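See structure below.
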There are 2 protein chains.
Amino acid sequence: MSNISKEDYLRVIYKGLEDSEIVSPSMVAEHLNISNAAVTDMLRKLTKEKYVSYEPYRGIQLLQKGRSEAIKIVRRHRIWETFLFKVVGLPWYQIDEEAENLEHSSSDELIDRLEMILGYPDFDPHGHPIPKRNGKIPKQNKSFPLAKLNAGETACIQKVNDYNKELLKYLYESKLMIGNRLKVIEKRKFDDTLVIQIDKKQLIISEKISKNIFVEKIK
Amino acid sequence: MSNISKEDYLRVIYKGLEDSEIVSPSMVAEHLNISNAAVTDMLRKLTKEKYVSYEPYRGIQLLQKGRSEAIKIVRRHRIWETFLFKVVGLPWYQIDEEAENLEHSSSDELIDRLEMILGYPDFDPHGHPIPKRNGKIPKQNKSFPLAKLNAGETACIQKVNDYNKELLKYLYESKLMIGNRLKVIEKRKFDDTLVIQIDKKQLIISEKISKNIFVEKIK
DNA sequence: AATAATATTTAAGCGCGCTTAAATTTAAAT
DNA sequence: ATTTAAATTTAAGCGCGCTTAAATATTATT
């Protein structure tokens with residue numbers, strides 16, 4: 001991988017904060033595939049320039065400047081993902097990778113046009129909200145990892161983590177996609193492996209996968 | 001401007017060779033807005049890696065490796081330009097700038113899909129041929145700069161140089177676009193300023209502009 | 001409370017693509 | 001042929017984002 005920019009750091013930090021309270025340097029390093037030392041370096045710069053605040057072992061926080069910058073980048077990323085999926089027709093599991101490259105090379109005007117062509121969508125193909133031009137973020141129902149569902153419960157897939165292409169490919173092939181409904185048949189005590197029913201087929205899902213799928217309960 | 005890559009150098013060299021026999025380091029420097037010394041540096045690398053051959057004051061030549069690489073980049077660039085114009089709807093004078101950024105961030109698969117969506121066009125919106133996936137380049141009729149046309153002659157605009165956004169904007173506003181027909185009413189001896197007729201209106205065009213417009217004679 | 005494991009920072013260094021200023025080469029003009 | 005102008009290269013240096021290895025700080029374990 002070539003050069004990682006400030007934008008990548010901010011995106012990863014922002015996405016990290018979407019899921020968990022605390023985002024540590026090592027998490028960032030892992031997502032960007034770089035060394036911890038590199039993250040320390042960049043955090044110093046981002047701190048100096050008031051993008052983030054940071055205390056060792058207490059996690060990274062986005063300051064106003066960093067948050068609004070990150071939202072712009074996430075907006076670009078998710079609009080590209082949606083466009084690549086709906087208009088260009090790239091496969092569901094490939095759009096994240098491609099958008100990651102394009103997001104750094106697009107003017108605001110281009111992004112706005114893509115958004116218009118798409119009809120101002122609220123969510124991207126992986127179920128994540130697309131920030132609006134003014135920074136507003138579409139609201140989503142409360143959701144939780146599929147891993148926490150119990151036997152007998154039914155739910156609907158709201159979003160999935162797109163950290164890993166292989167995971168996405170697996171989900172795609174198993175039809176574990178946004179909006180689909182599923183039911184937990186069995187939850188194995190020891191390793192939290194789930195047996196679920198989706199689309200009239202049964203599927204066995206490890207905890208490593210199910211924790212990346214976020215669902216809403218169905219009343 | 002941030003970092004210029006090998007790809008930019010190769011694209012500029014290739015495009016330079018489309019128009020003139022000799023491409024010098026200083027021409028490259030000017031087009032990329034960097035110093036001559038930077039070009040010297042990069043030429044050393046490109047020569048060492050067998051992309052180009054080069055003799056001072058005799059111009060830069062593309063070797064096989066460099067030529068095929070350059071063709072790929074030009075292909076990406078021109079497909080993006082066409083897509084941005086026809087599908088996204090960005091203005092004619094803005095697509096070059098935008099494509100210059102996107103061309104470095106696109107997989108071959110993405111480019112191939114865009115090309116398919118466009119219906120495998122032979123030429124981009126500025127009239128330049130789009131190399132095919134296999135490297136083949138659509139043939140064009142012989143053309144020459146509008147500046148060389150004489151009073152009374154009629155011609156058709158085949159392509160325009162897209163080096164400069166302001167130039168393109170001017171051409172756009174004057175309807176000096178691809179395929180349009182024009183007639184030279186008068187050619188002023190001293191400075192080669194042209195008076196032309198296009199679309200029933202008369203236009204006065206300096207030599208600095210007319211040398212960037214390439215036309216075909218109409219029989 | 002002492003020790004082990006983990007997270008983070010520091011230090012030194014590297015490759016890249018750029019810069020400016022000075023030196024050199026080639027081409028053009030007289 | 002000599003001078004002048006223009007193009008090119010060399011030299012020194014810089015900022016960036018990365019690396020690895022070693023040092024240090026925090027948290028977890030016993």
Side-chain angles (χ1 to χ4, degrees), chain A residues 1-14 16-17 19-62 65-66 69-70 73 100-101 103-105, chain B residues 1-14 16-17 19-62 65-66 69-70 73 100-101 103-105:
Chain A
M1 196 177 288
S2 67
N3 258 9
I4 310 286
S5 73
K6 256 176 218 175
E7 299 193 343
D8 293 289
Y9 285 87
L10 291 174
R11 175 173 48 76
V12 166
I13 294 166
Y14 178 88
L17 289 169
D19 304 333
S20 94
E21 298 291 312
I22 285 182
V23 174
S24 66
S26 47
M27 283 169 64
V28 175
E30 203 191 322
H31 277 302
L32 292 176
N33 253 299
I34 55 177
S35 70
N36 288 344
V39 177
T40 300
D41 261 22
M42 182 59 87
L43 281 178
R44 189 174 300 118
K45 285 172 210 165
L46 291 175
T47 301
K48 201 172 119 197
E49 295 170 37
K50 306 252 190 256
Y51 286 102
V52 305
S53 74
Y54 169 57
E55 290 190 65
Y57 300 92
R58 299 238 159 324
I60 306 163
Q61 293 298 324
L62 285 171
K65 189 177 168 189
E69 190 65 21
I73 295 152
E100 211 156 297
N101 298 321
E103 71 186 11
H104 305 298
S105 323
Chain B
M1 194 177 289
S2 69
N3 258 9
I4 309 287
S5 73
K6 256 176 219 177
E7 298 193 343
D8 292 290
Y9 285 87
L10 291 174
R11 175 173 48 76
V12 166
I13 294 166
Y14 178 89
L17 289 169
D19 304 332
S20 94
E21 298 291 313
I22 285 182
V23 174
S24 66
S26 48
M27 282 170 65
V28 175
E30 203 191 321
H31 278 303
L32 292 176
N33 253 299
I34 54 177
S35 70
N36 288 344
V39 177
T40 300
D41 260 22
M42 181 58 87
L43 281 179
R44 189 175 299 118
K45 285 173 208 162
L46 291 175
T47 301
K48 201 172 120 197
E49 295 170 36
K50 307 250 190 257
Y51 285 101
V52 306
S53 74
Y54 170 57
E55 290 190 65
Y57 299 91
R58 300 239 159 326
I60 306 163
Q61 293 298 322
L62 286 170
K65 188 177 169 190
E69 190 66 20
I73 294 151
E100 212 157 296
N101 299 320
E103 71 186 10
H104 305 298
S105 323

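Below, chain A is the first sequence line, B the second, and so on; all start at residue 1. Since the model is a prediction, treat every value here as computed from it, not as a measurement.
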### Query
Ignoring hydrogens and geometry, is there a side-chain-to-backbone donor-acceptor pair from A:K48 to A:L43 under 3.5 Å?
no
### Query
Is there a donor on the side chain of B:D41 or the base of C:dC18 sitting less than 3.5 Å from an acceptor on the other?
yes
### Message
Nearest whole Å is fine: how far is C:dG15 C1' from B:K48 NZ?
### Response
12 Å
### Query
Considering only side-chain heavy atoms of A:T40, which listed nucleotide, D:dT19, C:dT8, D:dG17, is closest?
C:dT8
### Message
Whole angstroms only, please: what is the CD1-C1' distance between A:I34 and D:dT20?
### Response
14 Å
### Task
Among the candidates C:dC18, C:dT20, C:dT10, find the nucleotide nearest to the side-chain atoms of A:A37.
C:dT10
### Message
Between A:K65 and A:E49 (side chain of the first, backbone of the second, donor and acceptor by atom type, cut-off under 3.5 Å), is there such a pair?
### Response
yes
### Message
Both A:N36 and A:R58 contact DNA chain D. Taking the nearest nucleotide for each, which residue is further toward the 5' end?
### Response
A:N36
### Query
Counting any heavy atom closer than 4.0 Å, what does A:S35 reach on the DNA or RNA strands: base, sugar-phosphate only, or nothing?
base
### Task
Begin with the C-alpha distance, continue with both residues' side-chain angles, and end with the deciding distance and a verdict on side chain to side chain contact (heavy atoms under 4.5 Å, CB included) for A:Y9 and A:L46.
CA-CA 9 Å; A:Y9 285 87; A:L46 291 175; 4.0 Å; yes
### Query
Quick one: which of D:dC16, C:dT9, D:dT8 gets closest to the side chain of A:K45?
D:dC16
### Summary
note: B:Y54, atom OH; D:dT8, atom C1'; distance rounded to Å ~ 6 Å
### Task
Quickly work out the B:E7 CD to C:dC16 C1' distance and round it to whole Å.
15 Å
### Message
Under a 3.5 Å threshold, yes or no: a donor from one side chain and an acceptor from the other, between A:H104 and A:D8?
### Response
yes
### Task
Find the distance B:I22:CD1 to C:dT26:C1' and express it as a whole number of Å.
13 Å
### Task
Quickly, which of B:V39, B:V12, B:I13 forms a side chain to side chain contact (heavy atoms under 4.5 Å, CB included) with B:H31? Name it, please.
B:V12
#### Entry: B:R44 vs C:dC16: side-chain N/O to OP1/OP2 distance below 4.0 Å
no
### Query
Quick one: B:L46 CG to D:dT9 P, roughly how many Å, whole number?
13 Å
### Between D:dT19 (C1') and A:L32 (CG): distance, integer Å
15 Å
### Query
Is the base of C:dT25 touched by the side chain of B:Y57 through a donor-acceptor pair closer than 3.5 angstrom?
yes
### Message
Measure OH/A:Y9 against P/D:dG17 and give the value in whole Å, please.
### Response
8 Å
